[in-house]
Every structure is written in C-alpha cells, then in structure tokens.
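Worksheet: one structure, shown below.
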There are 2 protein chains.
Amino acid sequence: MLPTNDPQLTSFIEIQDQSHFPIQNLPYGVAQPVDGGPSFICTAIGEFVVNLAELENRGFFDGPELQEVTVFQEQRLNSFVALGPAAWTEARSKISHLLRSDTATLRDNHELREEVLIPMREVTMKLPVDVGDYTDFYSSEQHATNVGSMFRDPENALKPNWKHLPVGYHGRASSIVVSGTDIHRPQGQILPPDSDDTPVFGASKLCDFELEMGFLTGPGNEIGQPIPIEQAQEHIFGMVLVNDWSARDIQKWEYQPLGPFLAKNWATSISPWIVTLDALEPFRIAGPRQNPEPLPYLQSRGKWTFDIDLEVHLQAPDMAESHQICKSNAKNLYWNICQQLAHQTITGCNVRPGDLYASGTISGSDPDSYGSMLELSWKGEKPLKFPNGEERTFLQDGDRITMTAYADTEDYRIGFGEVTGKILPARDIAMS
Amino acid sequence: MLPTNDPQLTSFIEIQDQSHFPIQNLPYGVAQPVDGGPSFICTAIGEFVVNLAELENRGFFDGPELQEVTVFQEQRLNSFVALGPAAWTEARSKISHLLRSDTATLRDNHELREEVLIPMREVTMKLPVDVGDYTDFYSSEQHATNVGSMFRDPENALKPNWKHLPVGYHGRASSIVVSGTDIHRPQGQILPPDSDDTPVFGASKLCDFELEMGFLTGPGNEIGQPIPIEQAQEHIFGMVLVNDWSARDIQKWEYQPLGPFLAKNWATSISPWIVTLDALEPFRIAGPRQNPEPLPYLQSRGKWTFDIDLEVHLQAPDMAESHQICKSNAKNLYWNICQQLAHQTITGCNVRPGDLYASGTISGSDPDSYGSMLELSWKGEKPLKFPNGEERTFLQDGDRITMTAYADTEDYRIGFGEVTGKILPARDIAMS
C-alpha cells in the first residue's frame with residue numbers, strides 16, 4: 001500500500017491545481033450544514049468535505065485502534081486527538097484508502113457519496129477543538145528583535161533569556177474563534193502620547209494582526225511529569241494557522257510588569273483545518289543553528305522546522321480586491337514545536353488534548369516578511385500604500401485580514417485554507 | 001421565612017464553635033467517598049457533607065428555576081453556576097430550609113439522613129469546577145510595592161499603570177488542583193547569582209506559596225460585549241482560597257518581557273469549597289479610597305471589599321505541629337472583584353461559567369501579614385525561625401503549607417476550610 005504522502009496517490013475527487021486539499025493532506029475540521037443541522041467532524045478533499053461521523057457510523061473505522069470508540073460522533077476533535085499516534089495513523093490510512101482513485105468502495109457507491117461528500121460551499125466551518133489552555137510563544141528572532149528595537153533598545157533588542165529558552169506566556173482560551181468570525185474593535189485604557197501617566201478610555205487606535213502558526217497537543221501528560229523532547233512528537237497532533245489579534249496601545253500601557261493581558265484577550269482566530277504532522281512530514285527541514293547551544297532538555301534531534309509559506313492579505317471596504325501585505329515562512333522560527341512543548345512542561349505543567357501553542361509572530365528578515373502591522377509600518381512611521389490610494393499604519397474599521405499557509409512539493413500542495421476576519425467598529429458601551 | 005444569613009438560624013446538625021460550616025454558609029463542593037464510588041456535588045454543614053445529587057434525585061429542588069434541570073447530577077459545578085443568581089438563591093433557600101432545626105423533613109427521616117448526610121472524614125474533596133480560563137491579578141498594593149521594591153526600585157515600586165487598572169495576567173488552567181494535592185518541586189532554567197547571563201538547569205531553590213483569594217464566574221458574556229461593573233455581581237458565583245505556587249528563581253530569569261510563565265504553571269491549589277457571595281454578604285465593607293479616581297468603567301458602587309481573615313501555616317517534616325507564618329486579610333486588596341471582572345471583559349473578552357480570577361498575593365502592611373515567603377523572608381535576607389530551631393527562607397522538600405480563611409460575626413463563622421499541599425522532592429527527569 002502506498003504511503004499516505006506518496007505523490008503518486010490520486011483521488012477520484014477532482015483536485016484543482018494548487019488546491020490546499022489533495023489526498024496527501026486530509027486535514028481535520030468540524031463543519032455544519034449552512035441550511036442547519038448538527039455539526040460533524042470531517043476532512044477535506046478538493047472542494048468537498050468528507051463526513052467522518054457518517055463513515056464511522058457505517059463501520060468503516062474497523063481497525064484495532066478505532067473500532068471500539070466513537071470519537072467522530074462528537075462536535076469537537078478533542079476525543080480523537082486524545083487517542084494518540086497509532087489511532088491517527090489508522091484513521092489517515094483508512095480515509096486515504098477510501099478516497100483513492102483505485103478504491104471502488106466510495107467512488108462507485110452513489111448513495112454513500114451523497115451522504116458523506118458535501119461541497120464546501122454548503123457548510124460553515126466551526127472551531128475544530130475546545131481549547132483548554134492556550135500558550136503564545138515569541139519564537140521568531142526577527143519579530144522579537146523588531147519589537148525590542150522599537151520599544152526598548154536597538155542595541156539590546158533581545159532580552160538575555162531569549163536564546164536560552166522559548167519565551168512565551170499564557171493567553172486567553174475563551175476568545176479563540178474560528179476563521180470567518182468578525183471582531184469588534186476593543187476598548188480600554190490607553191495612554192495619550194503627551195500624557196504624564198494619565199490614561200484615557202477609548203477604542204484602540206492601534207489594532208493589529210499577528211501572523212502565527214500553532215500546534216495542538218494530542219495525549220497529555222500527568223502533572224509533575226515533563227514531556228521529554230524526544231517524545232514530544234507523540235503528543236503533537238497537528239498544526240493550525242493563527243491570527244493573534246492585538247491592540248498595541250492597550251498593550252503598551254498595561255503590559256508591565258506581568259505581560260500582555262487585555263491587549264490580546266479579545267480574540268484569537270484559528271484556521272478551521274488542523275493539518276496533521278503526517279501531512280507536513282515532507283516539509284520538515286533543519287532549523288537554524290542555535291548558538292548558544294540550548295540546555296539538554298531543549299536539544300532537539302531530527303528536523304523539526306517547517307518550510308511552509310505564509311501570506312497575509314488586507315482588503316478594506318473600498319478595495320475591489322485584497323492585497324498581499326506580507327509574505328513570510330514558518331522556517332523563520334528559532335524555536336521548534338518539540339522545543340516549545342518540552343519547555344512548556346519542564347516544570348511539570350500538564351497539557352491536555354486540544355491545547356493550543358502558537359508560535360508568536362513569524363517575521364523574516366525582509367521588511368515585507370514582517371508578520372504584523374506594527375512591524376510592516378514600523379510603529380506607524382512607514383504607512384503601507386495601496387493601489388486605490390489608501391494608506392494603512394494599523395487596521396481600520398472594515399478592514400479584512402486574510403492569512404493563508406501552504407507548502408509545495410513538485411507534485412502537490414498541502415494547505416491550511418485560510419484564517420480570515422474583519423475588524424468591526426467598536427461597540428457602544430453603556431457606561432454609568 | 002428567615003433570610004439564609006440570619007444569625008438566629010440553627011440547624012439540627014451540631015455545629016462546633018468556630019466551625020467553618022454553620023447553616024449560614026452552605027458552600028458548594030464535589031466529594032467522593034473514600035471507599036470509592038462516584039463523585040457527587042455537595043454542601044457542607046458542621047462535620048458533614050450533604051449530597052445534593054441525591055436531594056435533586058428525590059425532587060427536593062422543585063422551585064421554578066431548578067425543577068427542570070439536573071445540574072447536581074454532574075461531576076462538577078459548572079452547569080449549576082451557569083444558571084445565575086435566581087437559581088443560586090432558590091437552591092440556597094431550599095438547602096437552608098431542609099437543614100433547619102425546625103424543619104422535620106430531613107431531621108426526622110432516618111433513611112434520608114443516612115443517604116444524604118455523610119461525615120466529612122468519609123469523603124475526599126475533588127476539584128469543584130472545571131476551570132476554563134484562569135486569570136491572576138496583582139491587586140494588593142503592599143504586595144506589588146514589596147515586589148517592586150525588591151526587584152526594581154523602592155522609590156518607584158509601583159508601575160505607573162498600577163493605580164489605574166487591576167494589573168493581571170492569564171495563568172495556566174490545566175494545573176489547577178484541589179487542596180490536598182502534593183506538588184513536586186519544579187525544575188527549569190535558573191540564572192546562578194554570579195552568572196553572566198548563562199542559565200543552568202536544576203530544581204528550583206526558591207519555591208514559594210502565594211496567599212490569594214479567587215472568585216468564580218457564573219453566567220458568561222458574549223464575546224465583544226463587556227460586562228458593565230454594575231452588573232458584575234450577577235456574574236460572580238462565589239469565592240475560593242487560592243495558593244498560587246511560584247518558583248522565584250525560574251520567574252526571575254524567564255519573566256521579561258512577557259510575564260510569568262513556567263514559574264507559575266506547575267500548580268495552583270484551590271480550596272474545595274466555593275463560598276457564595278450570599279454567604280459572604282455580611283462581610284462586605286467599603287474598600288480603600290482610590291486615588292487617582294478610576295476611569296468610569298472601573299468605578300464601583302456599593303461595598304465590594306471583603307473582611308475575611310487569612311492565615312498561612314507551615315509544617316516541616318520535623319515539626320510536631322504547624323506554625324502560623326502569616327496573618328492577613330482580604331481587605332488588603334486595592335481592586336475589588338467587580339472591578340476585576342469589568343476590567344477582564346472591557347475589551348470584549350468573553351468569560352465562562354467556572355472561570356477563576358485570583359486576587360494576587362494578599363499582603364498587609366505588617367511584615368507578618370506578607371502573603372509569600374519572598375516577602376516574609378525579604379528575598380531570603382530575614383529567615384523565619386521556628387521553635388524547633390529550623391529556619392526557612394523559601395520552601396524545603398516536605399514542607400506543608402496550609403492556608404485558611406474565615407470571617408466572623410458575633411454569632412457564627414463563615415469559613416473556606418483550608419487549602420493545603422506539600423512540596424515533594426523534584427522528580428528524576430530522564431534527560432537524553
């Protein structure tokens with residue numbers, strides 16, 4: 001049997017050139033019919049979603065790992081990701097086999113196809129997992145250097161700890177939303193530029209996106225028992241694309257000494273599709289040389305950096321189309337996902353199935369690879385100019401930000417779809 | 001009918017002098033029989049827990065808010081706290097009525113008493129809620145001043161934002177554990193005192209507790225829709241006692257620029273009992289005068305500071321008994337719970353039933369009221385001395401920390417029970 005990544009594999013479903021969803025991808029998500037009805041766990045192939053709950057109902061997942069569970073009947077993927085690598089491999093093999101050109105089971109069964117293959121335009125994608133805890137790392141050296149240069153000292157932009165450990169902080173899990181969710185501009189305390197430490201209340205004027213990737217844990221660990229770095233991959237199910245919306249003016253006033261809080265708790269958008277580590281295997285490359293050498297618990301063997309292209313597009317209400325404003329790549333990360341998970345748990349912190357770990361903003365060395373408006377406009381000093389004459393330093397009401405991520409072989413593209421959201425005007429808040 | 005806080009109310013269950021659980025308290029928790037069997041939601045009265053699942057089964061919760069739900073059949077209190085104030089009041093009234101001296105229903109029904117009244121020694125208390133998100137504030141002025149003086153500048157100990165907003169950060173929800181859970185000393189990166197920014201790996205030498213109170217939200221809000229401060233109390237179910245275990249050496253090296261991360265993610269212990277705002281109503285007092293006046297969204301009306309005594313006790317393996325090392329009070333908080341919740345949500349951040357918001361370390365002005373070893377020993381410069389000759393700057397292996405909280409009227413005491421935990425030696429971690 002051909003491996004599920006084999007470039008020669010083809011599906012009986014037509015795959016458009018540059019489709020994100022060839023048979024080698026098979027990401028996981030949760031869809032709901034646009035005309036109502038319950039959500040269901042699915043994968044994507046070409047322009048279709050495949051109803052895995054229905055396939056499970058019909059007994060197709062009959063291998064040793066999956067035959068006695070009903071994980072695809074749920075509304076979220078947490079129970080499935082909790083099962084671990086053997087079950088993930090079994091599910092992927094089964095789905096791949098069913099979708100192959102040379103497998104008749106689904107291809108030739110009209111009634112079954114009607115039931116399980118649903119055009120993407122007929123569904124709305126939902127949050128794929130319930131996220132228990134959300135960590136946001138800060139793992140792009142260029143991003144940390146840019147921010148450190150702007151707000152602290154260009155000569156000492158990186159703090160002394162930065163190259164010794166993957167700096168991160170705990171984010172807000174409740175406000176993680178799926179792509180397509182529009183977001184009201186947040187309000188809060190802001191220090192006016194000319195103020196002597198007296199803040200005012202108002203809508204954030206410095207709304208921003210942050211281009212990030214994130215991974216999701218499968219099986220967790222017991223509290224008190226760290227996950228050794230060489231076992232990290234057994235605990236990582238897959239990856240999503242992340243937009244960590246940020247309010248820079250709120251952040252600047254609030255963040256000392258305990259870090260970002262309200263500036264980032266109003267929304268974090270993720271792609272509806274979780275792309276598995278299996279699908280991403282062809283795109284693993286060696287990471288940057290790490291100097292100083294990390295402590296042993298952070299020494300990563302094997303290739304755990306990903307060569308995944310990343311794009312950010314902006315479309316304002318008066319623009320006929322969206323415009324690419326950033327082109328970056330996941331390889332612009334200094335710390336890899338195994339290092340991040342080993343670090344997260346080294347104190348004994350327990351992780352759970354469905355927890356999210358975002359990379360931090362992924363900026364490259366070219367100014368057009370910077371992953372936030374803060375950096376692209378260099379804190380507002382260099383506005384972005386658009387063909388219709390508009391300029392942007394930070395996001396305006398009505399601006400839509402769409403991110404996408406994909407990785408190419410000679411034969412196929414593995415994609416994350418997109419994560420998109422629009423900034424809505426600040427709400428009227430009744431203040432007594 | 002007498003109000004549920006009336007000092008004249010008595011129960012047919014004997015209440016010892018200074019018991020934390022008179023009929024005026026009626027906190028909520030989750031218990032499991034020590035000889036096995038499923039957990040059940042309960043309240044406490046004297047030396048007994050009262051099985052609310054069994055009372056619900058038998059139809060005692062027959063009022064308009066509770067008759068059509070089965071919230072007490074669950075393993076956690078999240079569904080009950082989600083119902084809101086009308087249901088909370090109804091449940092409290094019903095339980096209070098059933099436990100009164102002059103109500104025969106339970107008092108005189110031997111079979112029912114056997115079923116629903118279980119001696120506390122026959123149960124183990126479990127985590128009362130699944131905590132979705134955990135916020136840790138920093139709301140004691142003395143604590144923030146102490147820490148700022150030690151690590152930054154005694155002349156400018158408080159950051160400029162501190163009196164304008166309740167500084168806080170997002171903590172780790174997965175590692176919240178119930179009282180009685182012992183905790184392995186964490187390991188991680190530590191900067192040796194004489195190092196030029198080269199950390200070493202090892203067990204934390206500066207393990208600490210933090211004496212905190214926390215509140216739990218009931219009904220949440222929609223994302224994008226802040227909770228106005230005057231409505232905050234309708235979203236707050238009750239309070240718990242919190243020990244936010246901390247590793248000061250890990251914290252010092254990692255925390256810039258994004259705040260505490262691993263230093264606090266290894267465990268946070270909470271009391272098993274959630275004391276409701278109804279039970280705490282007699283102990284609400286006016287808070288400190290706030291100068292500068294907060295922005296309107298943080299202007300709190302009514303008395304929302306609590307006069308609750310707090311104690312911390314330490315017992316080392318070689319001590320015959322535990323020794324009180326701190327005596328503080330919840331009134332040593334500058335920001336109150338309504339201000340904290342209004343701030344948490346002002347950007348539109350959504351909260352959910354069972355989310356936890358801790359106060360930050362509660363230190364008073366007297367040195368023996370400081371709520372952490374860091375402050376009590378003034379970063380190790382003033383060791384605590386114990387009757388058996390031992391000294392402590394930070395916690396040693398085998399040290400047990402027990403916190404308790406209670407508030408007295410002339411007639412009764414409302415208590416939180418305790419939150420206790422022991423520091424176990426660091427685990428052997430297999431490093432490749």
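Residue numbers begin at 1 in each chain, while the letters A, B, ... track the order of the sequences.
- Minimum heavy-atom separation, A:Lys159 to B:Pro257: CG-CD, 4.0 Å.
- Contact between B:Leu165 and A:Trp253 at its shortest, heavy atoms only, is CD2-NE1, 3.6 Å.
- Residue B:Leu258 comes nearest to A:Pro260 through the heavy atom pair O-CD, 3.7 Å, listed as atom of the first residue, atom of the second, then distance.
- By the 30° and 60° cut-offs, the orientation of the rings of A:Phe261 relative to B:Phe137 is perpendicular.
- No part of A:Ser204 comes within reach of chain B, as not one of its non-hydrogen atoms sits under 4.5 angstrom from that chain.
- Heavy-atom distances place the side chain of A:Leu298, and not its backbone, under 4.5 Å from chain B.
- With a 4.5 angstrom heavy-atom cutoff, A:Ile223 touches chain B via backbone and side-chain atoms both.
- Between A:Asp133 and B:Ser174, the shortest heavy-atom distance links the atoms OD2-N, 2.8 Å.
- Of all non-hydrogen atoms in A:Thr347 and B:Pro186, the two that sit nearest each other are O-CB, 3.6 Å.
- Across all non-hydrogen atoms, the minimal contact from A:Asn265 to B:Gln344 is ND2-O, 3.1 Å.
- In summary, A:Asp355 and B:Arg172 engage in a salt bridge, as defined by a charged side-chain N under 4.0 Å from a carboxylate O.
- Per-residue counts of heavy-atom pairs under 4.5 Å with chain B were compared for A:His184, A:Arg185, A:Gln187; the largest is that of A:Gln187.
- Top candidate by heavy-atom pairs under 4.5 Å with chain A, chosen from B:Gly220, B:Gly168, B:Gly132, is B:Gly168.
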Exercise for review: With ring pair (Phe, Tyr, Trp, His ring centres under 6.0 Å) as the test, would you mind laying out the steps for A:Tyr169 and B:Tyr169 before giving the verdict?
Suggested key: CA-CA 9 Å; A:Tyr169 66 102; B:Tyr169 66 103; over 10 Å; no

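- In this structure, the portion of A:Ile250 lying under 4.5 Å from any heavy atom of chain B is its side chain and not its backbone.
- Counting heavy-atom pairs closer than 4.5 Å to chain A, the top-ranked of the candidates B:Pro292, B:Ala173, B:Gly148 is B:Ala173.
- For A:Leu127, the side chain to side chain contact (heavy atoms under 4.5 Å, CB included) criterion is met by A:Arg76, A:Ile176, A:Val178, A:Ile270, not counting sequence neighbours.
- Take A:Asp153 and apply the side chain to side chain contact (heavy atoms under 4.5 Å, CB included) test, not counting sequence neighbours, and it matches A:Glu155, A:Asn156.
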